[in-house]
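We use all heavy atoms of the structure for the numbers below, so side chains are in, but hydrogens, waters and symmetry mates are not. Letters A, B, ... mirror the listed sequences (proteins, then strands); counts begin at 1.
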There are 2 protein chains.
Amino acid sequence: MKGIRQLAKHLDISIGTVSRALNGRPDVNEETRKRVLAAAEEIGYVANQSGRSLRQGTTNVIGLMIESSKETVENSDNFFLGVTGGLQSVLSRHKLDLLMLPCPNDEDPHEYLKRMVARRIVDAMIISATQRVDKRIDLLIKTKIPFVALGRSASGGNHTWIDLDFEGVAACAVDRLVSKGHRRIAIAAPSNDINLGYIFVDAYRKSLERHGIAFDPSLVIRVKSSEQGGYQAGHEILRLDSKPTAIILIYELMAIGLYRRLNEAGIVPGRDLAVIGFREEPRGKFLQPSLTCFRMSLRDLGVELAETLLATMPAYAEHYPKGARNTIWPLELAPGESDAFSLKA
Amino acid sequence: MKGIRQLAKHLDISIGTVSRALNGRPDVNEETRKRVLAAAEEIGYVANQSGRSLRQGTTNVIGLMIESSKETVENSDNFFLGVTGGLQSVLSRHKLDLLMLPCPNDEDPHEYLKRMVARRIVDAMIISATQRVDKRIDLLIKTKIPFVALGRSASGGNHTWIDLDFEGVAACAVDRLVSKGHRRIAIAAPSNDINLGYIFVDAYRKSLERHGIAFDPSLVIRVKSSEQGGYQAGHEILRLDSKPTAIILIYELMAIGLYRRLNEAGIVPGRDLAVIGFREEPRGKFLQPSLTCFRMSLRDLGVELAETLLATMPAYAEHYPKGARNTIWPLELAPGESDAFSLKA
DNA sequence: CTGCCACACTAAAACGTTTCCGAAAAGCCG
DNA sequence: CGGCTTTTCGGAAACGTTTTAGTGTGGCAG
């Protein structure tokens, strides 16, 4: 005999009472509840999740879908591991566990998600790397599974999402550089296919125009968000007839490759070319020159994500008043040496 | 009506037959099987995992436990995301799915694993960051759950593990530096509390002695495996009376901080001090000077992990003959500029 | 004293699936 | 044609839990 039955037998109580005692139901004598809890602890009983979720239709598990494609791996750095800390701190308060679902890179994310959802292994989902138009969102809406997307998307009506403040970052970077006298400002970003690439460059363009600076397409360098991409960006810049005096990187790791390429050409970043990165990692300030970039707390983002998600789950919504369905997550400027010089005076 | 019942009704067949058809059992007419498969596809039926695993006692899910503590996050970089690719490529052949279980950093890993195991949500486990003596291993052995540990451990008798070839790397690095005329070789590693720190430094010491070089404790710099740690290591070196001519880093990111500190002191890495890193990342070769370090395929490691794990699972062992229970994973030297100079002649 | 209610508990149904067992049909052999 | 095996399927039990409905107390108000 196993499971709750064994526990019940051992206590000479019906299994129903044991279950209610364990789950904190009101109609059980406090005295017996204590006995049950003690016995459970002693025997080491933990409810079998399959049985429980079969009956309840709920699993107490939140899924976080991530993509493990090579591209993503290189770029995401420890983004997700950082975010999980914040996620867990909120979820654990509700006895919810977090499961990361890494989509195989040879499988269609949509199909993978479909399978995971059909299995009924999670109560709610967080999906990341949302595309401009993303079938996964329609799927989740159709199956009525609570979810929140990390990354804005145009599809599926008004679902809940959180995204980084790319516009704010681009605007702030441009403003800062312009105030130091820069007029020719390059930007390194991925292609427009990736939502982020589109948004970032668009915001950059608008900011330039706000300062009355004409948008020059040749200053938009489309490269991958990696060291390799940074190196390549440096390469592209050097080939321009009319070289920029500053460059904005969409990802902080790119600075490593950029620095390398510049050094090879005898150009000193932070003196001959101003550089601003995007998301600060510990390494940003150890580069030479240290990188001016934008700082954010991955943990806080995780907390926000979790709270937003819980607000969409009927069983938990009461504690988390439904705020804005769409959140723009701010980043803070962390000045470094890489753009310290001024062209003025 | 839902689930398999609906499907059976729709086909006017008993649910037992539907189930057997779906699961590829032999005692079902090929004709009816086709009908069932077609109908399932059309309706979009996927077996409810709770019901299935309750009955079968199996979940078709492999758990990969990772720790999301701050320290780990900073150090692991994309180690796990890289490994999952290889893991999945093997597991998916057996219709097994991979689940990452990120242990909250405020919870005891042992307790967390205990909870996850008790839930019966995974059929087997991969645990990482194993300690020198690790309670989790005893737990897994006691509960008879197939598992493989990423990282050697002394506890629990002879369980299965895979670990990187720290001895080989340390020996190779020392040999290389000595052959270039270096005699005072420093090493930056975490404390002996962490298994890795102990093994690495021990292998380093033995290699030195093999060359008849006396082990000098003052050349062992105990720091964290991060940019910050690298910076600090540089700081420590500069304070030594008798300075080393070379340094071995246990982690490639440390080079960024080390370079920074050296540059601040006017010391040029790769000319005044030879530097060898550990695991190569894309960024290693973009550093200035590019870092000599050791290369490995995270994906291949994932494949090896998966195959080793499957060999320990009775249901799959037939395809994966039980080889060595303990595997030392080799790394390959990738020469760079950081140790290119020679002290000889 | 009677009716009512709250309390604490038991018994049993239900969740969705797989699998065991048996039975019907069909084919084969003598 | 009778007995045998093989093929194919249906019925029902089983997995471990939660939850509903019901049962028997005892207290309390009328």
Side-chain angles (χ1 to χ4, degrees), chain A residues 1-37 39-40 43-61 95 115-123 143 315, chain B residues 1-37 39-40 43-61 95 115-123 143 315:
Chain A
M1 185 149 37
K2 308 190 295 186
I4 202 174
R5 228 166 230 105
Q6 175 193 2
L7 197 56
K9 186 103 172 188
H10 180 250
L11 288 163
D12 200 28
I13 287 183
S14 79
I15 61 172
T17 303
V18 173
S19 173
R20 291 200 315 280
L22 254 26
N23 293 346
R25 288 303 156 94
D27 56 347
V28 46
N29 189 307
E30 274 311 316
E31 172 64 25
T32 44
R33 188 195 303 280
K34 274 190 191 134
R35 281 179 54 219
V36 171
L37 255 28
I43 306 218
Y45 168 80
V46 178
N48 176 307
Q49 187 62 36
S50 301
R52 154 178 286 198
S53 58
L54 177 57
R55 171 65 226 231
Q56 289 197 133
T58 196
T59 64
N60 290 335
V61 166
K95 296 199 182 306
R115 200 171 76 232
M116 289 304 160
V117 162
R119 278 189 156 182
R120 301 276 139 76
I121 211 176
V122 297
D123 289 348
T143 53
Chain B
M1 189 147 34
K2 310 189 294 187
I4 203 174
R5 230 168 228 102
Q6 176 193 0
L7 196 56
K9 186 104 173 187
H10 180 250
L11 288 162
D12 200 29
I13 286 182
S14 80
I15 60 172
T17 304
V18 173
S19 172
R20 290 198 313 277
L22 256 25
N23 292 346
R25 287 304 156 95
D27 55 347
V28 48
N29 190 307
E30 273 312 314
E31 172 64 24
T32 43
R33 187 194 305 278
K34 276 192 188 129
R35 282 179 55 218
V36 171
L37 254 28
I43 306 219
Y45 168 79
V46 178
N48 177 307
Q49 186 62 36
S50 302
R52 155 177 285 199
S53 59
L54 178 56
R55 172 64 225 230
Q56 288 196 134
T58 195
T59 63
N60 290 336
V61 166
K95 296 201 181 309
R115 201 170 75 231
M116 289 304 160
V117 162
R119 277 188 156 183
R120 300 276 138 75
I121 210 176
V122 296
D123 289 347
T143 53

> When we call it a touch if two heavy atoms are under 4.0 Å apart, what does A:Gly16 touch: a base, just sugar-phosphate, or nothing?
Replying inline: base
> Can a side chain N or O of B:Arg52 be found less than 4.0 Å away from OP1 or OP2 on C:dG16?
Replying inline: no
> Taking atom P of C:dA14 as reference, at what distance in whole Å does atom CD1 of A:Ile15 sit?
Replying inline: 15 Å
> Considering only heavy atoms from C-beta outward, does the side chain of B:Lys2 approach that of B:Asn48 to under 4.5 Å?
Replying inline: no
>> When you measure from the side-chain N and O atoms of B:Arg5 to the phosphate of C:dG16, is any distance below 4.0 Å, counting only OP1 and OP2?
In response: no
> Hey, is CZ on B:Arg20 packed in by over 12 heavy atoms from elsewhere, all under 6.0 Å?
Replying inline: yes
> Expressed in angstrom and rounded to an integer, what is the separation of A:Leu22 atom CG from D:dT18 atom C1'?
Replying inline: 11 Å
> Rounding to a whole Å, what distance do you find between B:Ile13:CD1 and C:dA24:P?
Replying inline: 19 Å
> OP1, OP2 of C:dA14 versus side-chain N and O of A:Arg55: anything below 4.0 Å?
Replying inline: no
> Between C:dA8 atom C1' and A:Arg20 atom CZ, what is the distance in whole Å?
Replying inline: 8 Å
> With a 4.0 Å cut-off on heavy atoms, is A:Asn48 in touch with a base, just the backbone sugar-phosphate, or nothing at all?
Replying inline: sugar-phosphate
>> With a 4.0 Å cutoff (strictly under), does any side-chain N or O of A:Gln56 reach OP1 or OP2 of D:dT19?
In response: yes
> Between A:Asn23 and D:dT18, is there a side-chain N or O to OP1/OP2 distance below 4.0 Å?
Replying inline: yes
>> Nearest whole Å is fine: how far is D:dA14 C1' from B:Ile4 CD1?
In response: 15 Å
> Hey, does A:Ile13 have a side-chain heavy atom less than 4.5 Å from the side chain of A:Arg35?
Replying inline: yes
> Expressed in angstrom and rounded to an integer, what is the separation of B:Arg25 atom CZ from C:dC20 atom C1'?
Replying inline: 11 Å
>> Could you go through A:Lys9 and A:Gln6, starting from their C-alpha distance and side-chain angles, then the distance that decides it, and tell me whether this counts as side-chain contact (heavy atoms from CB on, under 4.5 Å)?
In response: CA-CA 5 Å; A:Lys9 186 103 172 188; A:Gln6 175 193 2; 5.7 Å; no
>> Any base atoms under 4.0 Å from B:Thr32, or only sugar-phosphate, or nothing? Heavy atoms, all strands.
In response: sugar-phosphate
>> Nearest to the A:Tyr45 side chain among D:dG16, D:dT17, D:dT8, which nucleotide is it?
In response: D:dT17
> What's the CG-P distance between A:Leu54 and D:dT19, to the nearest Å?
Replying inline: 12 Å
>> Here's a test for you: under side-chain contact (heavy atoms from CB on, under 4.5 Å), which of A:Thr17, A:Asn23, A:Leu22, A:Ile15 qualifies with A:Ser19?
In response: A:Asn23
> Expressed in angstrom and rounded to an integer, what is the separation of A:Leu11 atom CG from C:dC9 atom C1'?
Replying inline: 14 Å
> Quick one: is B:Thr17 getting a side-chain N or O under 4.0 Å of the D:dC9 phosphate, OP1 or OP2?
Replying inline: no
> What nucleic acid atoms does B:Asn29 come within less than 4.0 Å of, heavy atoms only: base, sugar-phosphate, or nothing?
Replying inline: sugar-phosphate
